[in-house]
Q: 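Provided herewith is a single structure, encoded as C-alpha cells, for subsequent inquiry.
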Amino acid sequence: MKRFVDFLPVIFLMWVFFFLRVHDIDKNMPYFIDELNHINRARIIYSFSDLHVSTTPGKFLLYYYLGLFDLPLHLPGWIARTAVVVVSLIGAASTYALAKDLFSHRAGVMALAFLSAFPFMIFHERLVLSDPLTASLSVLVVWYSIPFARKADRNRATILGIMICVMLLGKILAGPLIAMPIAAIVLLSRYRLVFSQKLGSDDMLTDEEAQATRYPTLTLPSSLSFGHLPINGEGTDAHHLPRLRGRHRRGVFYRDRFDYQSIGHHYEKLLPQIKTAWEHYKPGLIRVAVINAVVWGIILVFYVGRGLISPETTNPIVDDYIFTPRDRVSQLEANWQHFREMFAYLWGPGLTILTVLALPMIFWKRPRAGLYLLGGIMLLWLPVFITAARPNSRYLTLVGHLWMVIVAGGINLLWLEARRLKSPALRDGIIVASILLMVWGLGFGVSFAQTLMDKPTALDLPEAELNGYYRNFTGFALRDAMTFVNEQPPISDHTDKIVVLALTRACDFLPYHIPEDYNLQFECLGRFTKSVDVARVLEEYGQVYAIWEQVDPPTRIADPRWIQGRMEWLATFERPHDGIEIEVYRVYPGQPPIGGVRPSPDQ
C-alpha cells in the first residue's frame with residue numbers, strides 16, 4: 001500500500017504530462033511542411049508504392065508507426081499528433097525511472113514534474129516529428145543501460161539490443177547514444193573503473209540520503225581494508241549484502257546498486273579493470289551488437305542493393321544540406337546564437353538558473369552520475385553544434401529528458417546537503433530559495449503551454465523556429481485563405497465545386513489543412529509552372545479562384561504574366577511574424593491580363 005501511495009504523484013504527473021501535450025493539439029497550430037511529409041509518407045508506406053519511403057532507414061520508424069492509424073487526408077489532425085504524444089509517455093516514464101535509479105524517488109518525481117512543463121519538449125512533442133519519438137526511445141536506452149550494467153544477463157542484453165535498434169530506426173541522428181551502455185558499465189556498474197583506492201563522495205551516501213533512497217545500504221566499518229567485497233547478483237536485496245562487523249564509520253553508507261566488485265591493489269592499473277569488465281560483459285555486449293548487426297544488415301543490404309540497381313530513385317539516408325554549410329565559421333556562429341536563444345525562450349530564466357546550479361552540485365556529490373548524464377547530452381549536442389548547417393532545436397530534443405534529470409538530481413542533492421547544515425536559517429533559506437526557483441521554472445512552462453494551446457503566434461521563440469514553423473512553409477495563412485475561398489460562390493463552368501488554381505508550394509498537401517466537407521477542388525500546377533498549364537485550367541473551367549503564395553524568386557511558383565486574364569484581388573493573408581503572404585484572386589480568362597502588380601478590387 002505504501003508503494004502505491006508513493007507512486008500516486010507519478011500517476012498524477014503522467015496525466016499532467018499527457019494533458020499539456022494533447023489539449024487543443026490541432027486547434028490553433030497548423031501543420032508545417034515536415035509534418036505533412038511525415039503524414040503523407042505514413043499514408044502510403046504499407047503500400048510500398050514508393051520504395052524510397054518504405055525502405056530508406058533515415059527515420060522510417062515514424063512512418064510505419066503512424067501508418068497503423070489510417071491517417072485521414074483532411075483535418076482534424078489530432079490523430080497523427082496524439083500518436084506521437086502516446087510514445088512520449090514512454091519517455092516520461094523512463095525519465096522518472098532514470099532519476100530514481102541515479103538519485104532517489106523524490107528526484108524522479110521532480111524530474112517528471114519538470115519534464116511535464118518543459119517548454120523545450122512540449123513545443124516539439126505536440127507536432128508530428130520523428131525527433132520527440134526518438135527522444136523517448138533515447139531516454140529509454142539511457143535508463144535501461146543501467147539495469148544492464150548491473151546484471152548483463154541474456155534477457156537484459158536482448159531487450160537492450162532491441163531498444164537500441166528501435167532507437168536508431170527512429171532517427172539515425174541518435175547514433176552516438178549507442179555508447180551509453182558502455183558509459184553505464186564504466187561509470188555505474190560493479191565493474192566501474194577506479195582511478196583511486198580512496199572512496200569518493202560519489203560512492204558514499206549520508207544518513208539522510210540513505211533514508212531518502214529506498215535502496216538497501218551497507219555500513220562500512222572504518223577498519224575495513226580495501227579488498228574484495230563479495231556482493232552477489234544485483235545487490236538489490238538485503239540478504240545479498242555481506243554482514244560486516246567492526247567499528248562503523250558514522251554517517252557513511254555505500255550504495256549497493258553501484259558497488260565495485262573489487263577495489264584495491266587488483267585495480268591499481270586501468271588495463272586489468274577493463275579486462276575484468278570485458279570478461280563479465282562480453283556475452284551481453286556481443287548479443288546487443290549481433291541483434292543490431294542482423295537487423296541493420298538486412299536493411300542496409302536492401303538499401304545498397306536498390307542503390308546499385310536504381311541509383312536515380314535512391315535518395316541518401318541523410319540529406320547533405322542538413323550538415324553542409326556554405327561557411328563553417330558563420331555556421332558555428334549561427335548555431336551558438338541559436339543555442340542562446342533556445343535557452344532564453346525554451347528553457348526560461350528559472351529553469352536555466354536551476355540547470356546552472358544543479359550541474360556543479362551533481363559533479364560535487366555524484367560525479368559519476370553527472371558524467372553519465374552530461375556525457376549522453378554531449379554525445380549528441382556536440383556533433384549537432386559542429387555539423388548542423390541549419391540550426392533547429394528539435395534535433396537537440398533527443399536528449400532533452402536528461403537535462404530534467406540533472407535539474408531534479410541537483411535539487412535533491414542540494415536539499416540533502418542543506419539538511420546537514422548547523423544553521424537552521426541558512427538551511428531553510430536554501431530550501432525556500434530553490435522551491436521558489438522551481439515554482440518560477442514550472443510556472444513559466446505551464447504559461448508557455450497555455451499560450452501554445454490558445455495563441456501559438458504570441459510565443460517568443462528562437463529565430464530558426466519562427467522561420468520554420470510560422471513564417472515560411474506552414475499552414476498559417478493557407479488555412480485562412482482556403483476557408484475564405486470556401487465561403488465564396490462557385491464560379492467555374494461544368495461543376496458545382498469551387499475550383500482553385502493553387503499557385504503554392506506543396507500544393508498536393510493543401511487538403512491536409514482543411515476539413516473534408518469543404519467544397520474545394522484544387523488544380524495543382526507544381527513548382528515549375530508553365531503558362532500552358534495555366535491556360536489549360538482556364539480553358540476547361542473558365543472563371544476560377546487563385547491562391548497565390550507570394551514567394552520571391554528564384555523559388556517563385558509562377559509568373560503573374562502567365563495568367564491570361566484579369567485577376568481581381570479579393571484578400572491577403574499574412575503568415576505570422578512578417579511571414580510570406582498568401583493572396584486570393586478571382587481570375588477572369590479572356591480579359592486583358594494584368595501582371596507584376598496586385599490589382600485593386602475595383603479593377
Side-chain angles (χ1 to χ4, degrees), residues 6 8-10 12-13 16-17 20 92 95-122 201-202 204-215 251 253 255 342-374 377 399-449:
D6 290 341
L8 283 177
V10 178
F12 171 75
L13 288 172
V16 172
F17 176 94
L20 292 179
T95 300
Y96 164 78
L98 178 62
K100 179 178 179 293
D101 274 7
L102 290 180
F103 301 102
S104 68
H105 166 72
R106 179 170 61 189
V109 172
M110 284 194 293
L112 184 54
F114 284 124
L115 180 67
S116 298
F118 191 14
F120 182 60
M121 300 304 295
I122 289 178
S201 59
D202 187 42
M204 298 181 183
L205 301 176
T206 64
D207 291 326
E208 292 86 354
E209 290 172 314
Q211 294 171 6
T213 63
R214 288 162 50 188
Y215 302 140
F253 293 84
R255 178 150 42 182
M342 182 183 67
F343 275 96
Y345 299 131
L346 295 176
W347 252 256
L351 201 54
T352 301
I353 293 173
L354 285 174
T355 305
V356 172
L357 294 176
L359 278 171
M361 194 69 202
I362 288 180
F363 276 95
W364 175 36
K365 300 300 295 182
R366 293 283 192 280
R368 290 178 180 268
L371 284 172
Y372 184 67
L373 294 171
L374 193 60
I377 292 171
V399 288
H401 303 76
L402 305 190
W403 281 113
M404 297 302 96
V405 176
I406 287 175
V407 172
I411 293 173
N412 185 60
L413 293 173
L414 179 64
W415 286 356
L416 293 173
E417 283 300 303
R419 291 173 59 183
R420 299 177 59 190
L421 296 175
K422 296 181 180 179
S423 170
L426 181 59
R427 176 195 64 202
D428 296 343
I430 292 174
I431 294 176
V432 170
S434 61
I435 290 176
L436 291 176
L437 279 173
M438 291 173 60
V439 172
W440 188 15
L442 292 172
F444 176 84
V446 173
S447 176
F448 180 97

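Side chains included, hydrogens not; waters and symmetry mates left out as well; all remaining heavy atoms used.
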Q: Give, for atom CD1 of Ile431 and atom CG of Leu436, the distance between the pair rounded to the nearest 0.5 Å.
A: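 If we round to the nearest 0.5 Å, Ile431:CD1 and Leu436:CG are 12.0 Å apart.
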Q: Taking all atoms of both residues into account, what is the closest heavy-atom pair of Met361 and Leu413, and its distance?
A: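 Reported closest heavy-atom pair: CE-O, 3.5 Å.
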Q: Does some side-chain heavy atom of Trp364 sit less than 4.5 Å from a side-chain heavy atom of Leu414?
A: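 Side-chain contact under 4.5 Å: no.
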Q: Give, for atom OG of Ser447 and atom CG of Leu442, the distance between the pair rounded to the nearest 0.5 Å.
A: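 Answer for the OG-CG pair, Ser447 versus Leu442, is 12.5 Å.
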Q: Hey, what do you get for CZ (Arg106) to CG (Asn412), rounding to the nearest 0.5 Å?
A: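 Separation between the atoms: 4.5 Å.
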Q: How far apart are the C-alpha atoms of Tyr96 and Leu13, what are their side-chain angles, what is the distance that settles it, and do they pass the side chain to side chain contact (heavy atoms under 4.5 Å, CB included) test?
A: CA-CA 10 Å; Tyr96 164 78; Leu13 288 172; over 6 Å; no
Q: Taking side chain as C-beta onward, heavy atoms only, is Ile353 less than 4.5 Å from Trp440?
A: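 Sidechains of Trp440 and Ile353: in contact.
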Q: Distance alone, cut at 3.5 Å: any donor-acceptor contact between the side chains of Ser434 and Trp415?
A: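 Yes, because at least one side-chain N or O of Ser434 sits under 3.5 Å from a partner of the opposite role on Trp415.
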Q: How long is the span from the CG atom in Leu437 to the CG atom in Leu354, to the nearest 0.5 Å?
A: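 Rounded to the nearest 0.5 Å, the CG-CG separation comes out at 5.0 Å.
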Q: Taking atom CD1 of Ile411 and atom CD1 of Ile430, what is their separation to the nearest 0.5 Å?
A: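 It is 13.0 Å, given to the nearest 0.5 Å.
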Q: Would you say that Thr95 contacts Phe114 through its side chain, given a criterion of any heavy-atom pair below 4.5 Å between the two side chains?
A: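 No. Closest side-chain heavy atoms not under 4.5 Å.
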Q: If every non-hydrogen atom of Ala369 is compared with every non-hydrogen atom of Leu102, which pair is closest and at what distance?
A: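 In terms of heavy atoms, the two residues are closest at CB-CD2, 4.3 Å.
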Q: So does Asp6 get a backbone contact from the side chain of His105, meaning a donor-acceptor N/O pair under 3.5 Å?
A: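 Here the side-chain-to-backbone pair exists.
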Q: Trp347 vs Phe120 aromatic rings, parallel, tilted or perpendicular, using cut-offs 30° and 60°?
A: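 Trp347 and Phe120: tilted rings.
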Q: If you compare all heavy atoms of Leu346 against all heavy atoms of Phe118, which two are closest, and at what distance to 0.1 Å?
A: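 Nearest pair, atom of Leu346 first, then Phe118: O-CE1, 3.7 Å.
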Q: Does Leu373 reach the side chain of Ile377, with side-chain heavy atoms less than 4.5 Å apart?
A: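 Result no, sub-4.5 Å side-chain heavy-atom pair not found.
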Q: Just by distance, do the side chain of Ser104 and the backbone of Lys100 share a donor-acceptor pair under 3.5 Å?
A: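 Judged by distance alone, no pair lies under 3.5 Å.
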Q: A side-chain contact here means heavy atoms from C-beta on lying under 4.5 Å apart; do Arg419 and Leu416 qualify?
A: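 Side chain of Arg419 against side chain of Leu416, heavy atoms only: contact under 4.5 Å found.
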Q: So how far is it from Phe103 CZ to Met110 CE, rounded to the nearest 0.5 Å?
A: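 Here the interatomic distance stands at 9.5 Å.
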Q: Heavy atoms only: give me the nearest Val109-Val10 pair and the separation to one decimal.
A: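 Scanning both residues, the minimum pair turns out to be CG2-CG2, 4.0 Å.
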Q: Hey, does Leu402 have a side-chain heavy atom less than 4.5 Å from the side chain of Leu98?
A: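 Side chain of Leu98 against side chain of Leu402, heavy atoms only: contact under 4.5 Å found.
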Q: Considering non-hydrogen atoms only, spot the tightest contact between Ala111 and Ala408 and give its length.
A: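 Residues Ala111 and Ala408, closest heavy atoms: N-CB, 3.3 Å.
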Q: Specify the closest pair of heavy atoms between Leu115 and Met121, including all atoms of both residues, with the distance to one decimal.
A: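 Closest approach of Leu115 to Met121, heavy atoms only: CD1-CG, 3.9 Å.
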